[in-house]
Amino acid sequence: MIRASQYLIATLKETPTDAEVVSHQLMVRAGLIRKLATGLYTWLPAGLRVLHKVTAVVREEMNRAGAMEVSMPVVQSADLWIESGRWDKMGPELLRFVDRHDRDFCLGPTHEEVITDLIRNELSSYRQLPANFYQIQTKFRDERRPRFGVMRAREFLMKDAYSFHTSEDSLQQTYDQMHATYCRIFERLGLEFRPVLADSGNIGGSMSHEFHVLADSGEDEIVFSSDSPYAANIEMATGQLVDLDFSSGETKKPKASAVDTPEAHSIEDVSSSLGIEARRLVKTMVVKGELSEANPSGLVALVIRGDQSINPIKAEKHPLVASPFTLAQDEEIVAALHCKPGSIGPIDLSIPVLADESVLSMVNFVCGANKDGQHLIDANWGSDCRYDSSTDMRKVQEGDISPDGQGSLQIKRGIEVGHIFQLGTKYSEAMNAKVLDENGKSVTMIMGCYGIGVSRIVASCIEQSHDDNGIIWPDIIAPFHIAVIPMNAHKSEAVVELSESLAKQLTEAGYEVLLDDRDKKTSAGVKFADMELMGIPHRIVVSDRGIEQNVLEYKSRSAQDNEMIPTDDILRFLSENIRLG
RNA sequence: CGGGGCAUAGCGCAGCCUGGUAGCGCACCACACUGGGGGUGUGGGGGUCGUAGGUUCAAAUCCUGCUGUCCCGACCA
């Protein structure tokens with residue numbers, strides 16, 4: 001039992017100005033966290049209890065899946081990062097520093113290098129595989145823009161796991177098992193979530209899934225089909241246009257004609273000034289490409305249907321396009337193409353032209369004329385325009401047909417709380433992590449890695465579960481299960497006695513009880529408000545009134561009204577209404 | 001990394017324009033009242049006005065540098 005009078009109930013009536021999203025506001029107001037500096041937070045007692053609850057669920061499920069818990073240092077020596085090649089590859093988000101001996105170190109944003117180093121020394125036989133190691137550890141990433149409280153903090157708590165294998169099959173098995181484990185974890189935590197196909201980013205590897213908690217404040221867009229299991233991050237989502245072939249039946253005009261479009265530089269301008277639908281236009285964007293002898297300007301033209309947009313993550317995967325995706329400067333464009341952006345089209349361009357699939361079947365379209373203030377109408381591939389190669393680099397839109405042909409695509413916002421990767425041999429090869437196989441032959445281990453943003457889960461849970469009065473925790477991660485509030489304790493000895501014995505009884509029954517015994521200056525209204533703000537899921541009020549009738553007054557945080565429960569019946573009632581599993 | 005805003009008590013803010021002994025609300029402490037939804041009154045404690053420099057008889061206030069912090073942007077040709 002915890003006594004509120006002896007506990008830090010750090011609630012705030014006013015909303016701090018620097019908190020933008022509701023979870024951040026409520027975490028500060030409910031006294032769960034305090035900011036130390038940008039992206040750095042102290043967890044206060046009540047907040048830490050929640051964090052530990054999440055940790056416990058994650059640990060339990062990882063153990064159930066046969067993973068072994070370890071704990072690796074937060075501080076890592078540069079040697080390992082140089083060995084993997086990431087010391088130079090990682091940008092400023094890797095926080096580097098030197099020790100007193102002038103040796104380079106960094107704060108671990110992730111632990112592939114450390115675990116690979118450990119395992120190459122500790123494991124030597126295929127018989128020790130597969131093996132899966134995890135830790136729940138503080139990470140540090142010097143984010144370019146930390147925000148939303150612990151949602152995107154620089155220092156945060158993460159569960160990361162790394163598995164080792166001698167075959168792709170074995171990796172796939174563990175990967176599938178982790179996928180299922182993650183689903184179970186997020187289900188137990190009461191989160192509404194979706195696993196989606198993902199881009200593997202700079203961690204490297206092939207197969208990858210993200211787990212997103214659905215929330216309007218999410219920083220990612222996720223795409224999923226109305227009628228099939230297809231789900232993907234928008235960064236890599238594909239879809240089919242509903243009206244892809246809308247013009248393909250038309251008779252091709254033999255020759256395009258130029259028209260003056262002096263004030264029209266955007267698709268919208270051109271479309272409205274010519275009175276032609278945007279989907280009949282071909283949009284040309286010029287981006288940085290790979291420098292070569294064949295392409296001394298280092299620019300590439302990307303063409304896409306006028307009503308569609310380019311997905312830079314997809315585009316930069318094409319060998320012709322430089323990564324990161326960067327638009328060319330106006331001056332560079334004029335220098336290379338002798339034409340301002342706004343009137344460019346895929347006609348006799350001196351730079352490579354990469355076409356999105358959306359334009360391939362277009363007929364009699366409009367595009368820039370490569371002369372300032374002019375566009376072509378009734379242009380066609382072959383006769384008027386050309387492209388060098390085509391690819392899918394379109395950002396999918398809501399309503400597109402699912403790539404498996406079943407259903408239409410919907411887009412929602414999500415908070416990434418989990419990410420699993422098949423790394424392959426990226427790290428084990430660079431760091432020479434090998435074991436002997438059954439033939440006594442040395443083989444490079446195949447790896448997978450699996451992350452969960454533990455502190456981020458706390459915030460995302462609040463995003464999904466709150467009301468005007470504050471947080472509404474699911475029982476399993478609430479800082480306390482039950483708040484016991486004595487009414488007029490300073491006047492009634494009976495209320496004090498019953499509150500104390502009740503709190504004791506509930507504690508013995510295995511519940512975590514917060515007894516709000518704060519002094520008489522703390523009015524009932526304040527106690528109610530604080531307990532609700534903190535999101536404690538079950539409340540029991542002890543009053544003289546109730547004692548007379550031999551009942552306790554129960555209220556669920558998520559319900560509107562009180563219920564009167566016979567005092568003798570309270571344990572049975574709670575056991576039916578509290579889910580700790 | 002680019003643009004903008006802000007920095008005065010633990011929190012939220014006013015004062016700055018027009019320089020002259022630092023203020024309000026919440027929170028905190030004491031006492032009294034009140035006592036089922038952030039109650040009332042009286043009295044109190046708490047500030048190198050982010051920092052360094054400059055202007056001035058005099059700077060929270062005007063000027064400059066620095067730091068911190070928040071927001072916006074970083075594909076639409």
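Lettering of chains follows the sequences in order, A, B, ..., and the numbering in each one begins at 1.
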*asked:* Checking base pairs now: Watson-Crick or wobble, both atom distances under 3.5 Å. What partners B:U69?
replied: B:G5
*Consider the side chain of A:Ile333, meaning its heavy atoms from C-beta on, and name the nucleotide among B:A77, B:G35, B:C70 that approaches it most closely.*
B:A77
*Side-chain N,O (A:Thr17) to OP1/OP2 (B:G12) below 4.0 Å*: yes
_For atom CG of A:Asn488 and atom P of B:G39, their distance in whole Å_ = 16 Å
*To the nearest 0.5 Å, how far apart are CD in A:Glu316 and CD1 in A:Ile310?*
12.0 Å
*Expressed as a whole number of Å, how far does the C1' atom of B:U34 sit from that of B:G38?*
15 Å
_If I take atom CD1 in residue A:Ile9 and atom P in nucleotide B:A27, what distance separates them, rounded to the nearest angstrom?_
16 Å
_Gap in Å between the two C1' atoms, one belonging to B:G3 and one to B:U21, rounded_ = 40 Å
*Who pairs with B:C13 - Watson-Crick or G-U, where each distance is under 3.5 Å*: B:G23
_Interatomic distance where NZ belongs to A:Lys371 and C1' belongs to B:A77 [whole Å]_ = 19 Å
*Rounding to the closest angstrom, what is the interatomic distance between B:A14 and B:G47 at atom C1'?*
15 Å
*Taking the side chain of A:Arg539 as heavy atoms from C-beta outward, which of B:C70, B:G37, B:A74 is closest to it?*
B:G37
*Select one nucleotide: of B:G38, B:C11, B:A77, the one nearest the side-chain heavy atoms of A:Val286.*
B:A77
*asked:* Please give the distance between the C1' atoms of B:U61 and B:U55 as a whole number of Å.
replied: 13 Å
_A:Glu219 and A:Arg145 ion-paired at < 4.0 Å_ = no
*Whole-Å distance between B:A77 C1' and A:Asn370 CG?*
12 Å
*Between B:C71, B:G35, B:G38, which nucleotide has the shortest distance from any of its atoms to the side chain of A:Leu533?*
B:G38
_In this structure, how many angstroms lie between the P atom of B:C75 and the CG atom of A:Leu302, rounded?_
14 Å
*Which one, B:G38, B:G35, B:C75, comes nearest to the side chain of A:Ala529?*
B:G38
*asked:* Looking only at the side chain of A:Glu20 (C-beta and beyond, no hydrogens), which of the listed nucleotides B:C75, B:C71, B:G37 gets closest?
replied: B:C71
*Expressed as a whole number of Å, how far does the C1' atom of B:C63 sit from that of B:C16?*
14 Å
*Considering heavy-atom distances to RNA chain B, does A:Ser523 or A:Asp519 have its closest nucleotide positioned more toward the 5' end?*
A:Asp519
*Which of these nucleotides, B:A77, B:C11, B:G39, is closest to any side-chain atom of A:Lys13?*
B:G39
_Under 4.0 Å, heavy atom to any atom of RNA chain B: which of residues 26-48 of chain A qualify?_
A:Lys35, A:Ala37, A:Thr38
*How are the rings of A:Trp381 and A:Phe365 set to each other: parallel, tilted or perpendicular (split at 30° and 60°)?*
tilted
_B:G50 to B:U69 separation - C1' atoms, rounded to the nearest Å_ = 10 Å
*Give the nucleotide from the list B:C75, B:C70, B:G35 with an atom nearest to the side chain of A:Asp18.*
B:C70
*Does B:C62 have a Watson-Crick or wobble partner in any strand here, with both distances under 3.5 angstrom, and which is it?*
B:G54
*Among B:A77, B:C75, B:C71, the nucleotide that comes nearest once only the side chain of A:Arg145 is considered*: B:C71
*Give a yes/no verdict on a cation-pi contact between A:Arg279 and A:Phe246, requiring under 6.0 Å between NZ or CZ and the six-membered ring centre and an angle within 45° of the axis.*
yes
_Nearest-Å distance once atom C1' is located in both B:C13 and B:A7_ = 13 Å
_A:Gln308 CD - B:C75 P separation (whole Å)_ = 18 Å
*B:U18 pairs with which nucleotide, Watson-Crick or G-U wobble, both distances below 3.5 Å?*
none
_I'd like the C1' distance from B:G19 over to B:C49, given in whole Å._
15 Å
*Find which nucleotide of RNA chain B each of A:Thr15 and A:Asn562 is nearest to by heavy atoms, and output the residue with the more 5' nucleotide.*
A:Thr15
_Can you see whether A:Asp519 engages A:His490 through a side-chain donor-acceptor pair at a distance of less than 3.5 angstrom?_
no
*asked:* Check A:Asp400 with A:Arg394, please: is the shortest side-chain N to carboxylate O separation under 4.0 Å?
replied: yes
*Figure out the CD/P separation between A:Glu219 and B:C72, and round it to whole Å.*
10 Å
*To the nearest Å, how far apart are A:Gln25 CD and B:C11 P?*
17 Å
*Quick one: CZ on A:Phe148 to CD on A:Glu20, what's the gap to the nearest 0.5 Å?*
5.0 Å
*Could A:Glu235 and A:Lys395 be called an ion pair, given the rule that one side-chain N must be under 4.0 Å from one carboxylate O?*
no
*Audit row: A:Glu463, A:Ser217, side chain to side chain donor-acceptor pair (under 3.5 Å) steps and yes/no*: CA-CA 8 Å; A:Glu463 288 293 325; A:Ser217 58; 2.7 Å; yes
*Searching all strands shown, indicate the nucleotide that pairs with B:C49 (Watson-Crick or G-U wobble; both distances under 3.5 Å).*
none
_Complement of B:U42, any strand, by Watson-Crick or G-U distances under 3.5 angstrom_ = B:A30
_Exercise: identify the closest heavy-atom pair between A:Val526 and A:Arg518_ = O-NH2, 4.4 Å
